[in-house]
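Throughout, residue positions are numbered sequentially from 1 according to the sequence presented. Heavy-atom basis, side chains included; hydrogens, waters and symmetry copies ignored.
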Amino acid sequence: MKPYRAWFQCVRGCEGRYSLFDVIYHCPTCGGLLEVVHDHEALAQRDAEAWKRLFEQRAHTTEWPYASGVWGKKEWVCPEVDDTSIVSMYEGHTNLFWAERLGQQIDVPDLWVKLCGNSHTGSFKDLGMTVLVSAVRQMIAQGTPIRAVACASTGDTSAALAAYAAAAGLQAIVFLPKDKVSAAQLIQPIANGAMVLSLDTDFDGCMAIVKEVTRDNTIYLANSMNSLRVEGQKTVGIEIVQQFDWEVPDWIIIPVGNLGNISALGKGLLLMRDLGLIDKLPRLVAAQSAQANPFYLSYQTGFESMVTVTAKRTLASAIQIGNPVSYEKAIKVIRQFDGIVEQANEDELADAAARADLTGMYACPHTGVALAVLFKLVERGVIGSQDRVIVVSTAHGLKFTGFKIGYHEGTLEGVEALRRNPPIELPPDAAVVRDTIARELDKRKI
Ligand SMILES: *Cc1c(COP(=O)(O)O)cnc(C)c1O
Ligand SMILES: [Zn+2]
């Protein structure tokens with residue numbers, strides 16, 4: 001038996017392999033991103049059916065660390081980390097539910113939502129952070145002098161890093177753009193004991209500073225140019241297929257900012273195909289906010305050149321990014337998956353979220369972007385009523401209470417809020433209450 005192995009390699013194909021436990025983020029030859037490459041020959045020693053059985057069996061245990069949705073696929077993720085180094089809160093295994101009523105309304109009856117926000121810190125970022133922090137713990141165990149882990153964040157990355165670092169007994173340092181993250185996102189790393197640095201700039205500005213600071217190798221960089229996170233995040237696509245009893249859906253729609261998550265989604269699905277677990281690929285849709293749409297603009301030119309923008313303020317604050325780090329990886333994925341990039345403006349994303357909420361969801365603004373893009377593609381006839389469609393919901397709506405309040409108060413800039421549902425203030429008088437209910441019931445007809 002060949003042992004399962006993985007290493008870093010340049011995405012642009014330069015020579016050289018680097019250990020996953022080296023402090024290295026870029027190709028020393030060309031400066032491009034690194035990606036984790038697995039020994040496919042070793043993985044192919046087990047056939048597709050046996051992998052499926054193994055993954056199924058682990059999903060129903062509490063066995064350390066395999067009960068985690070990420071570590072249940074350890075051989076495919078980060079095979080050489082010691083189980084004793086792993087920092088996990090049994091992330092993954094999030095629910096994929098049939099959005100029956102919303103699907104009926106848009107004539108896509110086979111519509112599903114993957115609720116990645118039903119996770120420890122309320123976003124999919126947990127999937128990647130468990131891998132990164134586990135690798136750091138192993139590096140430290142091997143004697144690497146790492147004093148802290150750091151990231152710039154639009155809110156969710158820092159929440160995940162702070163939680164996993166605290167679980168591991170490591171110091172986290174997070175760089176947040178001042179006044180550009182939600183109250184929940186700001187308080188999460190504070191509660192978990194991270195050093196929270198609030199900088200008077202945007203995400204891209206924070207990113208530039210954290211890159212400078214982490215030139216000092218004793219502070220380890222946890223942003224998504226660090227490809228360890230992609231390895232954990234790539235389990236989401238595998239998990240979706242697994243939840244459908246290994247059937248591949250027609251479409252997966254995902255909101256994108258730094259483009260790490262869509263790269264991860266594609267990577268997981270390609271690995272499944274290469275190992276024979278599936279024989280076709282879904283089409284992928286990257287959904288951007290029109291306020292921060294460099295990938296959309298670049299797609300419009302057939303990816304002729306990389307576009308960067310200064311991201312404007314958007315309700316979808318976790319994707320308010322103008323200079324996406326995983327641009328090259330994401331282009332490859334869009335091409336391989338016959339993908340589409342589409343955008344949604346503030347009114348569209350808020351309306352889509354409100355519409356979904358009225359069918360029982362509680363959509364965060366980023367999920368609103370993905371839903372708005374779904375509605376557009378259905379209207380345009382690109383997505384048809386026979387298609388099985390998955391919308392990836394990236395965060396929990398409860399992290400974005402300000403967005404919900406603003407919508408229903410009608411105070412969001414650029415949003416018409418046609419589905420507002422403010423509370424009705426009444427005197428404590430049964431007759432008035434009865435009349436009001438009667439009037440409202442006539443008006444509302446569900
Ligand atoms: C991070 C994040 C995204 C975007 O993921 P990228 O990898 O940056 O493209 C989308 N939605 C939410 C809620 C996020 O936290
Ligand atoms: Zn290179």
Side-chain angles (χ1 to χ4, degrees), residues 70 89 91-92 94 114-133 149-167 172-192 194 196-198 202-204 206-207 210 221-226 228-230 232-233 235-236 254-265 287-289 292 311 314-321 324-326 349 353 362-370 392-404:
V70 172
M89 292 189 257
E91 47 293 308
T94 52
K114 176 70 169 163
L115 279 182
C116 295
N118 285 357
S119 182
H120 185 67
T121 69
S123 84
F124 74 83
K125 299 292 198 298
D126 292 349
L127 300 175
M129 219 43 98
T130 180
V131 178
L132 181 138
V133 174
V149 283
C151 74
S153 175
T154 53
D156 290 327
T157 300
S158 47
L161 179 64
Y164 282 84
I173 308 173
V174 309
F175 295 69
L176 295 172
K178 190 164 177 285
D179 300 330
K180 292 186 182 72
V181 305
S182 78
Q185 289 172 326
L186 176 63
I187 202 65
Q188 284 181 292
I190 289 176
N192 286 134
V196 177
L197 308 174
S198 176
D202 58 6
F203 169 80
D204 297 294
C206 287
M207 198 60 242
V210 81
L221 179 59
N223 276 98
S224 62
M225 74 267 292
N226 188 320
L228 289 167
R229 282 177 48 201
V230 166
Q233 288 173 202
T235 59
V236 70
I254 185 168
V256 301
N258 230 347
L259 302 175
N261 207 26
I262 190 164
S263 306
L265 177 65
Q288 285 218 294
S289 160
T314 171
L315 294 162
S317 51
I319 54 176
Q320 189 176 323
I321 293 172
V325 67
S326 294
L349 77 87
Y362 196 66
C364 79
H366 323 87
T367 306
V369 171
V392 177
S393 174
T394 44
H396 202 296
L398 285 172
K399 291 184 94 165
F400 299 89
T401 304
F403 164 65
K404 297 293 184 198

Could you state the interatomic distance from [atom1] ([X]) to [atom2] ([Y]), rounded to the nearest 0.5 Å?
{"X": "Thr314", "Y": "His366", "atom1": "OG1", "atom2": "NE2", "answer": "7.5 Å"}
{"X": "Leu132", "Y": "Thr157", "atom1": "CG", "atom2": "OG1", "answer": "10.5 Å"}
{"X": "Ser119", "Y": "Lys125", "atom1": "OG", "atom2": "NZ", "answer": "11.5 Å"}
{"X": "Gln320", "Y": "Leu315", "atom1": "CD", "atom2": "CG", "answer": "9.5 Å"}
{"X": "Cys364", "Y": "Leu349", "atom1": "SG", "atom2": "CG", "answer": "9.5 Å"}
{"X": "Ser317", "Y": "Phe403", "atom1": "OG", "atom2": "CZ", "answer": "10.0 Å"}

Practice problem: For the pair Ile321 and Asp204, evaluate side chain to side chain contact (heavy atoms under 4.5 Å, CB included) and give the outcome as yes or no after the intermediate values. | Solution: CA-CA 7 Å; Ile321 293 172; Asp204 297 294; 3.9 Å; yes

Looking at [X] and [Y], what are the two nearest heavy atoms and their distance?
{"X": "Ser158", "Y": "Cys151", "value": "CA-SG, 3.8 Å"}
{"X": "Val325", "Y": "Ser224", "value": "CG1-OG, 3.6 Å"}
{"X": "Leu161", "Y": "Ala150", "value": "CD2-C, 3.9 Å"}
{"X": "Ser153", "Y": "Leu176", "value": "O-CD2, 3.7 Å"}
{"X": "Ala172", "Y": "Ala165", "value": "CB-CB, 3.9 Å"}
{"X": "Ile319", "Y": "Ala287", "value": "CD1-O, 4.5 Å"}

Exercise. Identify, with sequence neighbours excluded, every residue that meets side chain to side chain donor-acceptor pair (under 3.5 Å) alongside Thr130.
Key: Trp71

Exercise. Please step through side chain to side chain contact (heavy atoms under 4.5 Å, CB included) for the pair Leu265 and Gln233, ending with a clear verdict.
Key: CA-CA 7 Å; Leu265 177 65; Gln233 288 173 202; over 6 Å; no

Quiz item: Does Phe203 have any ring pair (Phe, Tyr, Trp, His ring centres under 6.0 Å) partners at least two apart in sequence or in another chain, and if so, which?
Solution: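 Checked Phe203 against ring pair (Phe, Tyr, Trp, His ring centres under 6.0 Å); zero matches.
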
Practice problem: Applying side chain to side chain contact (heavy atoms under 4.5 Å, CB included), run through Gln188 and Lys399 and close with a yes or a no. | Solution: CA-CA 10 Å; Gln188 284 181 292; Lys399 291 184 94 165; 2.9 Å; yes

Quiz item: Does Asn223 use its side chain to pair, donor to acceptor, with the backbone of Met225 at less than 3.5 Å?
Solution: no

Practice problem: Please list, chain by chain and in numerical order, all residues satisfying salt bridge (Lys or Arg N to Asp or Glu O under 4.0 Å) with Lys180, sequence neighbours excluded. | Solution: none

Quiz item: Yes or no on side chain to side chain contact (heavy atoms under 4.5 Å, CB included) for Thr394 and Cys116, after CA distance, side-chain angles and deciding distance?
Solution: CA-CA 5 Å; Thr394 44; Cys116 295; 5.6 Å; no

Practice problem: Please determine which of Asn118, Thr94, Asn261, Val236 meets the side-chain contact (heavy atoms from CB on, under 4.5 Å) test together with Phe124. | Solution: Asn261

Exercise. Would you tell me whether Asp126 and Thr121 have side-chain atoms, one donor and one acceptor, within less than 3.5 Å of each other?
Key: yes

